[in-house]
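Each chain gets a letter, A, B and so on, in the order its sequence line appears, and its residues count up from 1.
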Amino acid sequence: MSRFLSFRPLLGLIVLLAFSAAVGAQPQANAGPRERAINAALIADLDRRPTWRRLLHIPPGREESEIQSPDFFLAPDGAHDSRAELRATVAGWFDTSAAIDERPRCRFPARYHWLQSRLALPPAPDGDAACRRFERWAGLEDFTSVSVLMVSGYLGNPASSFGHSLMTFDHGDAADHNALLDMSFSFGALVPEQENMLAYMIRGFGGGYEAGFSDKLYYAEDQVYSHTEFRDIWRYRLDLTAEQRYMVAAHMYEIAAKKFRYFFLTKNCTYRMAELLTLATGHDFTPEARLWYVPIELFYTLSDTRLDGRPLVDRIDYVPSSQRRVYAQFSALDGGEAQAVNAVIVAPDTALANAFGAWPEPRQQAMLDTLLAYYEYREAAARDESATGLEQAKRRALAYRLRLPVRESRVALPPTVAPPSKAHRTLLTGAGVTASDAAARSALYWAPYYRDDLSSLSPSVKALVVGDTQISMGNGNGPRLDRLDFVRLRQLRINAADIAGESTLSWQLQASIDRDPLAGDRLGPHGAGGIGRAWAVGTQTVGYALMSSTARANEAEWVTGPEAGMVWRGARLKAAAQLHYGYDPFAGETRTTMAARVALPIERDLDVRFELSSNFDAYSAGLNINRYW
Amino acid sequence: MSLSWRWGGAASFSSPVQAREFADIYTDCGLGAMIAPRNDAVAAVTNVTWDSGTTAISSNISSPDSCQGGLEQTASLIYNTYPSLEREIAAGQGENLDALMTLAGCPSVDRGGLVHALRESFATEVGAEAYSQRSRVEKSGRLYSVFHDTLSNQPAGQSCAVVG
């Protein structure tokens with residue numbers, strides 16, 4: 001008995017705890033508003049809703065959040081228990097222990113905005129006091145639109161070859177809107193300084209870097225992308241409702257300082273933008289399972305999407321690089337003016353009064369403005385203001401220009417370049433037939449990234465093709481690999497302005513394994529490259545002359561010599577042709593080859609292509625229809 | 001003077017003596033923080049190097065309010081866009097100069113006189129042989145002073161002013 005009695009307090013405690021737990025899991029008629037709200041959220045299973053999972057960045061089919069920062073979660077185990085996080089979030093509505101901006105409802109405005117649409121949350125105990133830090137950060141008072149920016153590819157950094165995407169919150173009305181003062185967001189990996197390229201590639205592909213959104217006023221991004229890397233930008237302004245804009249801003253505020261893992265091919269800058277837009281609109285912008293997700297794909301999706309019957313993109317603005325702006329200013333000078341500016345570029349110590357003084361004042365203004373734009377461009381290209389040795393020359397030009405009045409006309413701007421989303425999508429699939437002297441075969445084509453010279457929209461030709469694969473069958477044989485182009489690059493820079501010393505180098509590069517139907521038809525390594533000049537011929541044609549070389553290991557062939565060609569991009573038809581005359585020192589003979597390609601777009605993502613190549617003894621031809629995804 | 005920066009703080013200044021010095025802003029806020037001015041937490045994520053190829057300056061911001069005013073905003077814009085801004089001041093037009101005027105709260109119609117005065121003061125700066133030897137921080141600091149002096153010396157009736 002006494003023994004039993006000694007256990008009574010403990011038994012009572014166990015019963016009390018069990019009762020409390022059971023009661024806590026059930027709605028209570030006499031529970032406080034906090035408990036009632038928590039129970040309502042749990043009973044409604046809000047933690048299973050896709051929006052809640054998106055708010056926590058839990059990927060489909062998984063239970064763990066992709067956000068690595070502990071302070072993103074209110075529950076201790078919130079990173080992998082969305083229900084616990086829901087419970088803690090609802091409880092946080094009633095939390096008044098911290099300063100207002102530090103309270104959960106001000107730290108996570110998107111979560112609470114969504115919860116309020118699902119639950120009858122009572123007024124917050126602090127009387128719904130404004131979350132001033134968030135409101136000020138987002139500029140909610142005059143937040144008029146969200147834009148997503150496509151930054152063109154940059155070959156100076158492998159990670160940037162396929163372009164980049166940014167987001168801006170646009171403020172004010174169109175009349176006084178200065179885009180440089182918009183808040184902008186860029187998702188990127190946190191890469192240690194001096195990281196070597198091998199580690200960069202391995203960790204970039206394998207999720208070895210932490211990543212996050214940075215937020216800056218746009219002028220800082222403009223200095224990097226337009227003025228230092230000379231990349232064109234297209235600004236896609238989205239026609240979002242006020243509710244959708246609020247969700248974009250509110251969730252960006254929640255995640256802006258939080259850490260993710262970075263996967264260069266998949267979970268990259270564009271993927272995170274797509275996630276955010278999906279959350280805000282309910283329309284799924286995230287890609288289906290694919291090998292990679294390049295920035296341009298989001299812009300195709302945005303361009304093709306209609307929400308509530310309206311196009312999602314209501315306008316696209318082109319932002320030319322500072323390089324294009326300099327070229328445009330130079331092109332606006334007449335021959336004598338350009339010659340005078342070039343004379344100063346060549347001889348920076350030239351007295352400016354002697355160089356420009358003979359022209360009327362408005363023309364002096366234009367020449368000085370062009371010269372100063374050139375100095376800025378050169379300093380940016382050198383990445384070091386003092387590396388050009390032009391500091392004194394620039395100072396004199398500034399001083400001379402400041403003695404002249406403000407010009408009344410605006411400086412010349414470059415012509416608009418069509419946005420990349422006007423060209424076909426980049427994942428190629430195709431089918432067709434090939435024929436040569438030996439046989440005719442049916443063929444299948446695939447490339448994960450295909451933007452060749454015929455599909456480039458830039459005035460200069462920029463082509464990047466990765467993984468271009470051709471498999472054929474027929475002639476009594478099974479499928480065989482005809483060609484795998486690991487990479488094909490071509491940049492034909494047209495001479496937009498005749499600026500002294502300005503590089504107009506054009507080049508091409510190719511690394512493949514393939515068969516040469518004009519030679520032994522055996523599969524083997526194939527490399528090619530060339531360097532030279534290109535010219536605009538009219539408005540639709542680029543001509544070029546390169547010194548090029550091609551080598552095939554199987555045939556012990558190495559042919560080097562001049563190559564001339566043209567790329568013609570008409571409104572409906574596009575074509576390219578080239579002629580290569582070269583000498584092979586191993587064979588001790590000269591060789592001449594020609595090739596021609598024609599593309600007939602049927603619609604944006606569908607075209608028919610014909611190609612022909614010949615060494616004037618044998619030929620190879622192909623006809624195929626391509627669909628781009 | 002009226003105060004106009006939409007994210008600005010409450011204090012105002014009426015002369016350069018009261019203005020926060022550029023060097024103080026540079027030191028106290030850090031330019032990494034300057035370009036991420038409205039969220040102190042975000043200032044921690046400043047070394048985002050992927051794609052941009054640049055390393056942003058790390059932040060030592062301690063108080064977000066101390067780096068969010070109009071003075072700090074003009075200092076940040078001047079430092080970050082200096083190569084473009086000096087060219088645009090010389091020309092008397094350009095989008096970075098427009099942005100600076102917007103930060104100063106100058107309506108478009110009132111900018112002509114201010115730009116004229118700024119060009120005159122800036123001409124004195126670049127007229128010195130030493131100009132080309134100065135670092136970007138030095139040039140930015142001097143332009144910051146020139147700009148705020150110019151604002152302070154506006155004729156009566158001009159409405160440009162900066163939130164301190």
Of all the heavy-atom pairs spanning [X] and [Y], show the shortest one and how long it is.
X: B:Asp98; Y: A:Arg410; result: OD2-NH2, 4.4 Å
X: B:Val126; Y: A:Leu402; result: CG2-CD1, 3.5 Å
X: A:Asn178; Y: B:Ala99; result: ND2-N, 3.2 Å
X: B:Ser132; Y: A:Arg395; result: N-CD, 4.1 Å

Need one label for [X]: side chain, backbone, both or neither, based on atoms under 4.5 Å from any heavy atom in chain B.
X: A:Leu368; result: neither
X: A:Leu372; result: both
X: A:Arg132; result: neither

Heavy atoms only, distances under 4.5 angstrom: which of A:Leu398, A:Asp369, A:Asn268 has the most pairs with chain B? Name it, please. A:Leu398
Take A:Val406 and B:His116 through the test side-chain contact (heavy atoms from CB on, under 4.5 Å) and record every step on the way to the result. CA-CA 8 Å; A:Val406 173; B:His116 179 76; over 6 Å; no
Side chains of [X] and [Y]: does their closest heavy-atom pair fall under 4.5 Å?
X: A:Arg401; Y: B:Arg119; value: yes
X: B:Gln93; Y: A:Val411; value: yes
X: B:Gln73; Y: A:Leu217; value: yes
X: A:His227; Y: B:Ser84; value: yes

Once rounded to the nearest 0.5 Å, what's the spacing between atom CG of A:Leu180 and atom CG of B:Asn96? 5.0 Å
Going by atom types alone, do A:Gln223 and B:Thr81 pair a side-chain donor with an acceptor below 3.5 Å? no
Decide side-chain contact (heavy atoms from CB on, under 4.5 Å) for B:Arg87 and A:Lys394; before the verdict, give the C-alpha distance in whole Å, the side-chain angles of both, and the deciding distance to 0.1 Å. CA-CA 10 Å; B:Arg87 170 179 53 78; A:Lys394 185 177 74 171; over 6 Å; no
Side chain from CB out, backbone as N, CA, C, O: work out which of these in B:Thr124 comes under 4.5 Å of a heavy atom of chain A, or both, or neither. neither
Set out, in order, the CA-CA distance, both residues' side-chain angles and the distance that settles side-chain contact (heavy atoms from CB on, under 4.5 Å) for A:Gln392 and B:Gln133, then state yes or no. CA-CA 9 Å; A:Gln392 277 295 352; B:Gln133 308 304 320; 3.9 Å; yes
